[in-house]
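Take a look at the structure below.
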Amino acid sequence: MPWIRPRSTAADCAAQAMELMEHTVPEDARATVDCFLVDGTDAVLTGHVSGTVRATGKSFAGPFALRLTVENGRITRHHLYENSLSIAEACTP
C-alpha cells in the first residue's frame with residue numbers, strides 16, 4: 001500500500017494524491033460523502049471509497065473518515081481513516 005503511510009508535511013500530503021493516482025486506476029475511483037460535520041476550525045467527513053489497484057487489477061472498498069483542521073485558510077491537520085485491510089488485500093497478488 002505505497003500511498004498509505006504517515007505524512008507530516010504539506011509536500012507529503014500533496015504527494016499522497018500523486019501516489020494514489022500512480023497505483024490505482026483513476027477511472028475506477030469512487031468516493032461518496034455521507035456526513036459532513038463542522039465545529040469551528042475542525043471538520044469531519046464520513047463516507048465510502050472504492051477503487052482498483054493497477055498492479056493486481058483487484059478492487060477495494062470500504063468506509064472512510066477524514067478529520068481536517070483549517071486555520072488561516074490552510075489545512076493544518078489531515079487525518080484519514082480507511083479500510084486498509086481491504087486495500088492491502090487488493091494490493092496482494
Side-chain angles (χ1 to χ4, degrees):
M1 305 176 307
W3 66 92
I4 299 177
R5 61 181 174 80
R7 296 171 189 270
S8 59
T9 67
D12 280 347
C13 290
Q16 182 178 18
M18 296 304 295
E19 292 168 15
L20 182 62
M21 295 292 285
E22 290 172 13
H23 296 284
T24 61
V25 179
E27 300 81 23
D28 292 349
R30 302 285 181 271
T32 59
V33 175
D34 300 328
C35 185
F36 186 84
L37 305 166
V38 177
D39 182 20
T41 60
D42 294 313
V44 175
L45 290 82
T46 62
H48 287 81
V49 65
S50 63
T52 303
V53 174
R54 188 182 305 270
T56 64
K58 293 181 180 180
S59 296
F60 60 88
F64 77 89
L66 173 61
R67 180 181 180 190
L68 298 169
T69 300
V70 179
E71 298 170 312
N72 299 319
R74 294 186 54 88
I75 297 171
T76 58
R77 178 188 346 227
H78 178 277
H79 291 175
L80 179 61
Y81 307 92
E82 57 193 329
N83 184 353
S84 55
L85 177 59
S86 174
I87 297 169
E89 289 172 346
C91 289
T92 304

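Within 6.0 Å of CZ on R74 lie no more than 12 heavy atoms contributed by other residues, nucleotides or ligands. Within 6.0 Å of CG in D34 there are more than 12 heavy atoms belonging to other residues, nucleotides or ligands.
Grouping the Ile, Leu, Val, Met, Phe, Trp and Tyr side chains by contacts below 4.5 angstrom, directly or via other members, places V49 apart from L20. Cluster membership check: I75 shares its hydrophobic cluster with V33, using side-chain heavy-atom separations under 4.5 Å among Ile, Leu, Val, Met, Phe, Trp and Tyr. Grouping the Ile, Leu, Val, Met, Phe, Trp and Tyr side chains by contacts below 4.5 angstrom, directly or via other members, places L45 with V38.
Of all heavy-atom pairs between A65 and T46, the closest is CB-CG2, 4.2 Å. Closest approach of F64 to T32, counting heavy atoms only: CE2-O, 3.5 Å. The minimum heavy-atom distance linking T56 with C91 is given by the pair CG2-O, 3.5 Å. When all heavy atoms of A88 and T92 are compared, the pair lying nearest together is O-OG1, 2.8 Å.
In this structure, OG in S59 is found 12.0 Å from CD1 in I87, a value given to the nearest 0.5 Å. Atom CD in E89 sits 10.0 Å away from atom OG in S84 (nearest 0.5 Å). Of the inter-residue distances, the one linking M18 atom CE with H23 atom NE2 reads 11.0 Å to the nearest 0.5 angstrom. Atom-to-atom distance recorded for D42:CG and E71:CD is 8.0 Å, nearest 0.5 angstrom.
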Worksheet item: What's the verdict on side-chain contact (heavy atoms from CB on, under 4.5 Å) for T24 and R54, showing C-alpha distance, side-chain angles and the deciding distance?
Response: CA-CA 5 Å; T24 61; R54 188 182 305 270; 5.8 Å; no
Item to complete: Take V53 and F60 through the side-chain contact (heavy atoms from CB on, under 4.5 Å) test and state the conclusion after the steps.
Response: CA-CA 8 Å; V53 174; F60 60 88; 4.0 Å; yes
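Side-chain contact between L66 and L68 is present, with heavy atoms from C-beta onward closer than 4.5 Å. Using a 4.5 Å heavy-atom cutoff, the side chains of V70 and T41 are not in contact.
Between the side chain of S86 and the backbone N or O of A61, at least one donor-acceptor pair lies under 3.5 Å. Formation of a donor-acceptor pair under 3.5 Å by the R67 side chain with backbone atoms of H79 is not found in this model. One N or O on the side chain of R30 and one on the backbone of E27 form a donor-acceptor pair closer than 3.5 Å.
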